[in-house]
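By convention here, the first residue in the shown sequence is residue 1.
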Amino acid sequence: MTSSKHKQDQPRIVLGVAGGIAAYKAVEVLRRLRDADCFVSPILTPDATRFVGEVTFSALASEPARTKLYGDPTTPIPHTYLGQNADLIVVAPATAHVIARYAMGLSDDLLTATLLASRAPVLLCPAMHTEMWEQPSVQENLATLRRRGVMVVEPEEGPLAGGDSGKGRLPDPEVIAALVLSIVRGESGGLLAGRSVVVTAGGTREAIDPVRVITNRSSGKQGHALAEVAARLGAAVTLITAAPLALAPDVARQIIRVNVDSAAQMAEAVDRVAPEADVVIMAAAVADFTVEAQDAKIKKEQGVPSISLVPTRDILASLGQHRRSGQVIVGFAAETDDVLANAEAKLTRKGCDLLVVNDVSAEGVGFDHSTNEVTILTPGAEPYVVAMTTKEQVAYEVLSKVAERIHGGTNG
Ligand code: CTP
C-alpha cells in the first residue's frame with residue numbers, strides 16, 4: 001500500500017472511478033499520471049469496486065484509494081479534503097448514473113460529494129453502451145454540466161462489453177492521461193486555456209434615417225453561447241455583439257464586450273482585435289448591404305422614398321485572406337436550400353478553417369430559438385453533424401473542433 005507525501009510542485013488530481021467495465025482502464029490512467037509525477041487520490045464508487053478492487057488502486061496511487069464518505073481513518077471529512085486540494089478532478093469512466101447525480105447536485109457518496117465540494121476543473125470521461133449514451137436524459141445532463149464549465153471527453157466508437165460495438169467506449173488511458181496533464185500543466189485549466197478568442201454575434205442594424213433601420217432575424221444567442229463557453233474553457237474572450245443580450249453571470253466579468261450596431265462598426269471592431277487573436281468566430285449575421293443613410297427623418301409627405309443599398313465589406317472573407325499563421329477562422333452560414341452544396345462553396349470562397357452551417361428553414365433551428373442543429377464543415381474532412389441540441393452544446397462542439405485544430409497543429 002503506497003502513501004506518499006505531497007510535494008509542493010506536484011499537481012493534485014482526484015481520480016474518480018465509477019462502476020463500469022472500463023474501470024480497469026482507470027488503473028492505467030492512474031499509473032501514467034503517477035509516472036508523470038502527479039499526486040493522485042483515487043475515489044471509487046461502491047459499484048466500481050465490483051469491477052476492480054480498491055487494493056489495485058491503492059497500490060499504485062499516492063494515497064490509499066477511498067470508497068466511503070464516512071469512517072475515513074485519515075480525515076473526518078474526506079470530501080472537503082479531496083475537493084479543496086484538487087487541481088483537477090477526472091472521472092473515468094463516468095457512468096450515466098454518476099453523470100445524472102452530478103448534474104442534479106446530489107452528493108450521497110464520496111465521489112459526488114467531492115465533486116460538489118470543489119472549485120477545481122472537472123473532466124468527465126463517459127463510457128457506456130451506445131443505447132445509454134444516446135438517451136436524451138444522458139445527453140441533456142451532459143449539456144447541463146458542459147454549460148457549467150465541466151469538460152467532457154467524447155467516448156469513442158468501437159467494441160463494447162458483451163460483444164457489442166458502437167459509440168460509448170472509453171478512450172485509451174494514454175489519451176486521457178495526456179489530456180489531464182495538458183490541463184493541469186496549462187495556464188488556467190481549460191481546452192482553450194491561454195488562447196484569445198474573438199466572437200461576433202447578433203444581427204447588425206443599418207440606419208435608413210435617425211429613426212428607421214434595416215436588420216435581420218438573428219438573436220445573437222448562438223454567438224453569446226460561443227463567447228460564454230469559450231470563457232468557461234479558459235480562453236480570453238472578446239465578444240463583439242449587436243445583440244442586447246445579458247451574459248451569463250458566471251463568466252460575464254471574464255468577457256470583454258464591445259457593443260456595436262452597424263456592419264461598419266462591427267468591421268471596425270473586428271479589425272482592431274482580430275490580428276492578435278488565436279481564434280476568430282464570425283457568428284454575427286452581418287448585413288450584406290447597408291443604406292446611404294439620411295441625416296434627417298424621412299417624412300411621409302415627401303412621398304415613397306427610394307432607398308439605395310450599397311454592399312458592405314465581407315469581414316469573414318477579409319479575415320480568411322489576412323490570417324496569420326496558426327490563426328483559426330470560423331464562419332457561419334445560414335442557408336435555406338441546397339444547404340450543403342452552398343455551404344461547401346462558401347467554405348472555399350471565404351477561406352475559413354471551419355464553417356458552421358444552419359438550415360434555417362428547419363423547425364427549431366437558427367434565429368431566436370434556444371436550440372440549434374448544425375453541420376460543421378472542414379476542408380478535406382467529412383461533414384460533422386451536431387443533432388438538435390441547445391446552443392450551448394453547439395458552442396461546445398464548435399469550440400472542441402477549434403481546440404482540436406489548435407492542439408493537433410493543423411493550422412501550424
Ligand atoms: N459575413 C461577414 N461579413 C459580411 C457578411 C457576412 O463577415 N458582410 C460572415 C458572417 O458572419 C458569416 C458568414 O459571413 O460568418 C456567412 O454569411 P452569409 O450571410 O451566410 O453568407 P454570404 O456571403 O452573405 O452569402 P449569401 O448571403 O449570399 O448566402
Side-chain angles (χ1 to χ4, degrees), residues 1-95 97-125 127 145 149-151 170 173 176-177 179-181 183-185 189:
M1 202 100 357
T2 28
S3 202
S4 55
K5 241 180 132 46
H6 174 250
K7 290 183 281 172
Q8 186 93 48
D9 54 350
Q10 268 184 314
R12 294 187 80 126
I13 294 162
V14 169
L15 172 64
V17 185
I21 183 64
Y24 78 93
K25 291 189 183 173
V27 177
E28 180 67 17
V29 173
L30 166 59
R31 197 187 59 77
R32 285 175 181 269
L33 294 177
R34 289 290 294 129
D35 287 350
D37 201 25
C38 296
F39 188 93
V40 188
S41 312
I43 301 176
L44 278 64
T45 65
D47 279 346
T49 62
R50 292 171 180 258
F51 292 89
V52 185
E54 63 185 281
V55 177
T56 309
F57 285 93
S58 293
L60 295 167
S62 308
E63 55 181 345
R66 293 181 167 83
T67 59
K68 292 192 299 281
L69 196 47
Y70 301 102
D72 192 309
T74 58
T75 164
I77 32 179
H79 61 298
T80 56
Y81 157 74
L82 290 165
Q84 290 170 356
N85 286 313
D87 292 310
L88 175 79
I89 303 180
V90 51
V91 185
T95 56
H97 191 55
V98 159
I99 292 166
R101 279 156 59 229
Y102 184 27
M104 288 282 289
L106 300 181
S107 54
D108 55 350
D109 68 358
L110 182 56
L111 178 55
T112 48
T114 304
L115 285 164
L116 258 57
S118 183
R119 295 200 178 97
V122 175
L123 181 70
L124 291 185
C125 308
L145 291 169
V150 171
M151 293 170 276
L170 191 72
I176 296 174
L179 197 55
V180 168
L181 292 171
I183 296 169
V184 290
R185 303 215 161 118

Is there a side-chain contact between [X] and [Y], using heavy atoms and a 4.5 Å cut-off?
X	Y	answer
Leu124	Leu145	yes
Leu88	Val184	yes
Pro121	Met151	yes

Considering all heavy atoms of both residues, which atom of [X] and which atom of [Y] are nearest to each other, and what is their separation?
X	Y	answer
Leu111	Val91	CD2-CG1, 4.1 Å
Leu44	Ala48	CB-CB, 4.1 Å
Leu115	Tyr102	CB-CE1, 3.7 Å
Gly19	Thr95	O-CG2, 3.5 Å
Ser107	Leu69	O-CD2, 4.2 Å
Asn85	Tyr81	ND2-O, 2.8 Å

Can a donor-acceptor pair be found, under 3.5 Å and without considering hydrogens, that links the side chain of [X] to the backbone of [Y]?
X	Y	answer
Ser118	Gly83	yes
Asp87	Arg12	yes
Ser62	Val40	yes
Arg101	Gly105	no

Working to the nearest 0.5 angstrom, can you tell me the gap between [X] [atom1] and [Y] [atom2]?
X	Y	atom1	atom2	answer
Ile176	Cys125	CD1	SG	4.0 Å
Leu15	Phe57	CG	CZ	6.5 Å
Gln10	Leu33	CD	CG	11.5 Å
Glu63	Lys5	CD	NZ	11.5 Å
Gln84	Thr114	CD	OG1	10.5 Å
Ile43	Ile89	CD1	CD1	7.0 Å

Q: Scan side-chain atoms only and decide if Arg66 and Thr74 contain a donor-acceptor pair under the 3.5 Å cut-off.
A: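 Yes, because at least one side-chain N or O of Arg66 sits under 3.5 Å from a partner of the opposite role on Thr74.
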Q: Could you tell me whether Arg32 and Asp35 make a salt bridge, using a distance below 4.0 angstrom between a side-chain N and a carboxylate O?
A: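 Asp35 and Arg32: not salt-bridged.
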Q. With the threshold set at 4.0 Å, does a side-chain nitrogen-carboxylate oxygen contact exist between Arg31 and Glu28?
A. yes
Q: Show your reasoning for whether side-chain contact (heavy atoms from CB on, under 4.5 Å) applies to Val52 and Val17.
A: CA-CA 10 Å; Val52 185; Val17 185; over 6 Å; no
Q: Could you please spell out the steps behind the side-chain contact (heavy atoms from CB on, under 4.5 Å) verdict for Leu116 and His79?
A: CA-CA 9 Å; Leu116 258 57; His79 61 298; over 6 Å; no
(Q) What verdict does the side-chain contact (heavy atoms from CB on, under 4.5 Å) test give for Lys68 and Leu110, after you've listed the backbone C-alpha separation in whole Å, the side-chain angles of each residue and the deciding distance to 0.1 Å? (A) CA-CA 6 Å; Lys68 292 192 299 281; Leu110 182 56; 6.0 Å; no
